[in-house]
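Below you'll find the structure, written out as structure tokens, and then a few comments.
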Amino acid sequence: QVQLVESGGGLVQAGGSLRLSCAASGRTFSAWRAGWFRQAPGKEREFVATISWNSGSTDYADSVKGRFTISRDNAKNAVYLQMNSLKSEDTAVYYCAAGFVGTAVGSTSGWLYWGQGTQVTVSS
């Protein structure tokens with residue numbers, strides 16, 4: 001089993017930055033893929049970013065490319081999401097995901113483990 005705990009959410013003004021953290025326990029991230037998703041009120045959970053734990057290769061949703069950066073720390077067994085130039089439309093609960101077993105990283109159904117989420121609110 002893997003337990004994921006997110007932190008770092010909060011209230012920020014448009015144009016500001018936040019850094020989300022996701023710490024894993026119970027099993028290491030090694031050989032896994034990790035990702036971030038978000039869900040705004042009344043909307044479906046959507047893909048934000050993903051990183052391969054071994055190669056470090058990354059992929060992003062078009063809506064966050066150039067503004068968000070996903071990274072990992074092998075020693076701390078953690079993954080991060082640096083969010084810059086935040087917009088009001090980035091307001092959502094952000095979820096960390098791990099254990100990708102699907103075929104499309106953008107699909108929530110392909111991920112085994114989820115954190116409880118952390119709220120990000122961007123005021124305009």
Side chains of Thr50 and Asp59, donor plus acceptor under 3.5 Å:
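Thr50 vs Asp59: no donor-acceptor pair found between side chains.
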For [X] and [Y], work out which heavy atoms get closest and say how close.
X	Y	answer
Ser17	Asn84	OG-OD1, 2.9 Å
Ser123	Leu11	CB-CD1, 4.3 Å
Gln116	Val5	OE1-CA, 3.8 Å
Ser124	Ala14	CA-CB, 4.2 Å

Q: Show the numbers, then the answer: is there a side-chain contact (heavy atoms from CB on, under 4.5 Å) between Val120 and Met83?
A: CA-CA 10 Å; Val120 171; Met83 306 185 294; 3.8 Å; yes
Same hydrophobic cluster for [X] and [Y], using side-chain heavy-atom links shorter than 4.5 Å among ILVMFWY?
X	Y	answer
Leu81	Leu18	yes
Leu112	Leu4	yes
Ile51	Phe68	yes
Val105	Val101	no

Given Tyr94, Tyr95, Trp114, the one that forms ring-ring contact (aromatic ring centres under 6.0 Å, His included) with Phe37 =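 Of the listed options, the one satisfying the test is Trp114.
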So which pairs with a foot in residues 76-92 pass salt bridge (Lys or Arg N to Asp or Glu O under 4.0 Å), sequence neighbours left out?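 Listed once each, the pairs are Arg38-Asp90, Arg67-Asp90.
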- Verify, without hydrogens or angle tests, whether Ser107 (side chain) and Ala104 (backbone) share a donor-acceptor contact under 3.5 angstrom.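 No; judged by distance alone, with no hydrogens or angles, the pair does not exist.
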Value rounded to 0.5 Å, distance of [atom1] in [X] from [atom2] in [Y]:
X	Y	atom1	atom2	result
Arg33	Arg72	CZ	CZ	10.5 Å
Tyr80	Arg19	OH	CZ	5.5 Å
Trp111	Cys96	CH2	SG	8.5 Å

**OP:** Applying side-chain contact (heavy atoms from CB on, under 4.5 Å), run through Ile70 and Gln82 and close with a yes or a no.
**Re:** CA-CA 6 Å; Ile70 188 171; Gln82 177 66 43; over 6 Å; no
With side-chain contact (heavy atoms from CB on, under 4.5 Å) as the test, would you mind laying out the steps for Thr69 and Tyr60 before giving the verdict? CA-CA 8 Å; Thr69 303; Tyr60 298 90; 3.8 Å; yes
### Task
Give the C-alpha distance, both sets of side-chain angles, the deciding distance and a yes or no for side-chain contact (heavy atoms from CB on, under 4.5 Å) between Glu6 and Trp36.
CA-CA 10 Å; Glu6 302 100 333; Trp36 287 96; 3.8 Å; yes
